[in-house]
Amino acid sequence: MRLHKLALSTTRETPAEADIVSHQLMLRAGMIRRLGAGLYTWSPLGMRVLQRVEAIVRSEMNAAGALEILMPAVQPAELWRESGRWDEMGGLMLRIRDRAEREYCFGPTHEEVVVDFVKRDLASYRQLPVNYYQIQTKFRDEIRPRFGLMRAREFIMKDAYSFHMDAADLDREYHNMAATYRRILDQLGLDYRVVAADSGAIGGALSEEFHILAGSGEDELAVSTDGSYAANVETAIVAPPDHPRPKPNAELNRVATPEVTTIDGLCAFLDMPPEQTAKAIVVDGSDGDPVLLVLRGDHQLNRIKAEKHEAIAAPLTFSDVKSIKRAFGADPGSLGPAGFPGAVIADHSVAARADLVVGANENGVHLTGFNWGRDADEPQVADLRNVVAGDANPDGEGTLNIMRGIEIGHVFQLGDKYSRALDLNVLAADGQAVHPPMGCYGIGISRLVAAAIEQCHDAAGICWPAPMAPFELVICPIGADREPAVAEAAEQLYAQCLAQDIDVALDDRGLRPGPMFADIELIGVPHRVVVSARGLKAGTLEYKGRQATQAEDIVFGIEPIKARIRE
RNA sequence: CGGGGUAUGGCGCAGUUUGGUAGCGCGUCUGCUUUGGGAGCAGAAGGUCGCAGGUUCAAAUCCUGCUACCCCGACCA
């Protein structure tokens, strides 16, 4: 590629619209341009990266036995009514009408369509298993699109759907896909973790997420030091404390705590560590009455765990202040288990503590020296909190670390939710009709590109892992317009690189060295050689790896270049 | 959806309080000079000041309405 033909458009200044690194750098490098909220055009430079990723995904999916198809982005409402998701999806789904007032959506996902597709041709179990995938544009009308491609509304996704005769075969393919995803991410050269996950709204049992590690990641991951356990903090299990609750040591004491309504305030006022306090959270119970959840002051409620508790209403609803006042006689900020007649569910950690500080159910008053069983009934005990760094590994040895990640892939075992709802069935060997269990497997292609930048950049710009880079190598001639020998030597090298299948770009834009180098670093090309009159005289080229601090002189010629970039 | 903010040339911004010739830096174009890390000089192009209405002799600036975009929140007792 000759760079002057690529319509490169880099900027020195960071556009005001972006405030995470990947978004800023993609805009500065001219990989994408914003059209509207959560809508982006990919430039020729951006396309080169996108297509790299797509090619690797395709080749691994094909190698894993999946079959590529392409389904419509626009889908009839009727199909979604049949699965029951037309109403469930709510505002996430972009709904449109055609000229005859027929209803459609712009597909946020393709379970319905793929089942419909399979239904037409699938008659016998002998045709199973099968796994169809596509690389397609999806639209999800996010409440708040943000962070550029990270949470765009329109985005590119690789989604795959598998169909099986039985759960065992689904399990086999699920692991096949998980292994395929690992191969894809290994090939892309990214640092990632696979974690157990909540399957969320899509339904189904087993599910794992694939996260690119990056400090700016939106998700928190709990990963054990011995490597045996990894889970999204949303779902990571907290092992119950391994020691019994100590005996009460303190008398119950009423303390006036005027104006204190937060754990921080309470700790400052009483000079107490937060783990000695209990926070009280009131939520609606499944019977409609308020339920008191108690956690250690330094812990955080995990919504997903709470929601799954049978005594708690789903979706999780925090009780309104009026009903709290009625049930407790006090406002939030002064609540506690003492004297509350309703259901109390305490997290393991707070249930294993003695001599706690709790709200007294009287505004501006707290109790110190509170003990379960003595000052209130023994609570129900459950795992309600988010794991924190240092918690015991629930599955093996060691403790948990918390890392941040960007979710770029997700594999699910869906079961027969969709094949049943849409009445897909096949005849089994015994002549019985069966709804084939399904798996579904997604990779956010466009998000993956952004995530790679979050993981890999420096002050000068993007540092692509070689397999994602828009070019493998750039040849930078200096002063080619006034030194014919330089121009000639650069052309010669360029032709040789092409002949050797090196994905090379020739920077023939005629820029001065400063801006030229800055651009090449910004767009993240992994390898650079400089051709100059000075070097030619000495028979050398200058080579520099993108992340190297120093350039080095190498003998002029294709072989020394190959040795550097293919090492 | 609630809260906050912004909208002025391709990009980043000032000007709005106190109404009076629309400005700066970067970028772009032309010429000359310069030439290994974002060059210098000279000249030039480019703006319905988000949209609509209003007040006024006069509106980027004041008033009313609207739109778009960005940020924060949706673990808070």
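Just so we're on the same page: letters track the sequence lines, and every chain starts at 1.
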**Complete:** To the nearest 0.5 Å, atom CZ of A/Arg151 lies from atom CD1 of A/Ile406 at 11.0 Å
**Item:** Spacing of OG belonging to A/Ser207 relative to NE2 belonging to A/His410, to within rounding of 0.5 Å
**Value:** 3.0 Å
For [X], which contact category applies under a 4.0 Å heavy-atom criterion: base, sugar-phosphate, or nothing?
| X | value |
| --- | --- |
| A/Ala16 | sugar-phosphate |
| A/Ser9 | nothing |
| A/Asn302 | nothing |
| A/Pro513 | sugar-phosphate |
| A/Arg34 | sugar-phosphate |
| A/Arg28 | base |
| A/Glu521 | base |
| A/Ile324 | base |
| A/Ala518 | base |
| A/Ile143 | base |

To the nearest Å, how far apart are [X] [atom1] and [N] [atom2]?
| X | N | atom1 | atom2 | answer |
| --- | --- | --- | --- | --- |
| A/Leu92 | B/C1 | CG | C1' | 15 Å |
| A/Ile478 | B/U34 | CD1 | C1' | 15 Å |
| A/Glu142 | B/C72 | CD | C1' | 17 Å |
| A/Arg509 | B/G37 | CZ | P | 16 Å |
| A/Arg151 | B/C72 | CZ | P | 12 Å |
| A/Gln550 | B/G37 | CD | C1' | 14 Å |
| A/Tyr40 | B/C69 | OH | C1' | 10 Å |
| A/Leu39 | B/C70 | CG | P | 10 Å |

Let's test this: given Watson-Crick or G-U wobble pairing with both distances under 3.5 Å, identify the partner of [N].
| N | value |
| --- | --- |
| B/U67 | B/A7 |
| B/G19 | none |
| B/G2 | B/C72 |
| B/G43 | B/C29 |
| B/A58 | none |

With rounding to whole Å, what would you report as the distance between [N] and [M] at their [atom1] atoms?
| N | M | atom1 | answer |
| --- | --- | --- | --- |
| B/U56 | B/C70 | P | 38 Å |
| B/C11 | B/G47 | C1' | 14 Å |
| B/C24 | B/A42 | P | 14 Å |
| B/C72 | B/G10 | C1' | 30 Å |
| B/U67 | B/C51 | P | 15 Å |
| B/U55 | B/G12 | C1' | 34 Å |
| B/A59 | B/U16 | C1' | 10 Å |
| B/U64 | B/U21 | C1' | 29 Å |

**Request:** Take A/His23 and A/Thr262, find for each the nucleotide of RNA chain B with the closest heavy atom, and name the residue whose nucleotide sits nearer the 5' end.
**Result:** A/His23
**Message:** Pick the closest RNA chain B nucleotide for A/Asp331 and for A/Gly36 by heavy atoms, then say which residue is nearer the 5' end.
**Reply:** A/Gly36
**Request:** Could you tell me whether A/Arg245 and A/Glu378 have a side-chain N and a carboxylate O separated by less than 4.0 Å?
**Result:** yes
**Asked** Counting only N and O atoms by type, is there a donor-acceptor contact under 3.5 Å from the side chain of A/Asp141 to the main-chain atoms of A/Phe139?
**Response** no
Are any protein N/O atoms closer than 3.5 Å to N/O atoms in nucleotides 24-29 of chain B? If there are, list each pair with its distance.
| from | atom 1 | to | atom 2 | distance (Å) |
| --- | --- | --- | --- | --- |
| B/G25 | N2 | A/Glu13 | OE1 | 2.8 |

Answer whether the closest heavy-atom distance between the side chains of [X] and [Y] falls below 4.5 Å.
| X | Y | value |
| --- | --- | --- |
| A/Arg447 | A/Phe155 | no |
| A/Phe147 | A/Ser22 | no |
| A/Val238 | A/His348 | no |

**Request:** Report the relative orientation of the aromatic rings in A/Tyr40 and A/His23; use parallel for angles under 30°, tilted for 30 to 60°, perpendicular for over 60°.
**Result:** perpendicular
**Prompt:** Between A/Thr262 and A/Asp264, does any side-chain donor sit less than 3.5 Å from a side-chain acceptor?
**Reply:** no
**Message:** Between A/Arg512 and B/U35, is there a contact of a side-chain N or O with OP1 or OP2 at under 4.0 Å?
**Reply:** no
**Message:** Between A/Arg144 and B/C72, is there a contact of a side-chain N or O with OP1 or OP2 at under 4.0 Å?
**Reply:** yes
**Prompt:** Can the positive tip of A/Arg528 be found less than 6.0 Å from the middle of the six-membered ring of A/Phe517, inside 45° of the ring normal?
**Reply:** yes
**Prompt:** Any donor-acceptor pair under 3.5 Å joining the side chain of A/Arg528 to the base of B/G37?
**Reply:** yes
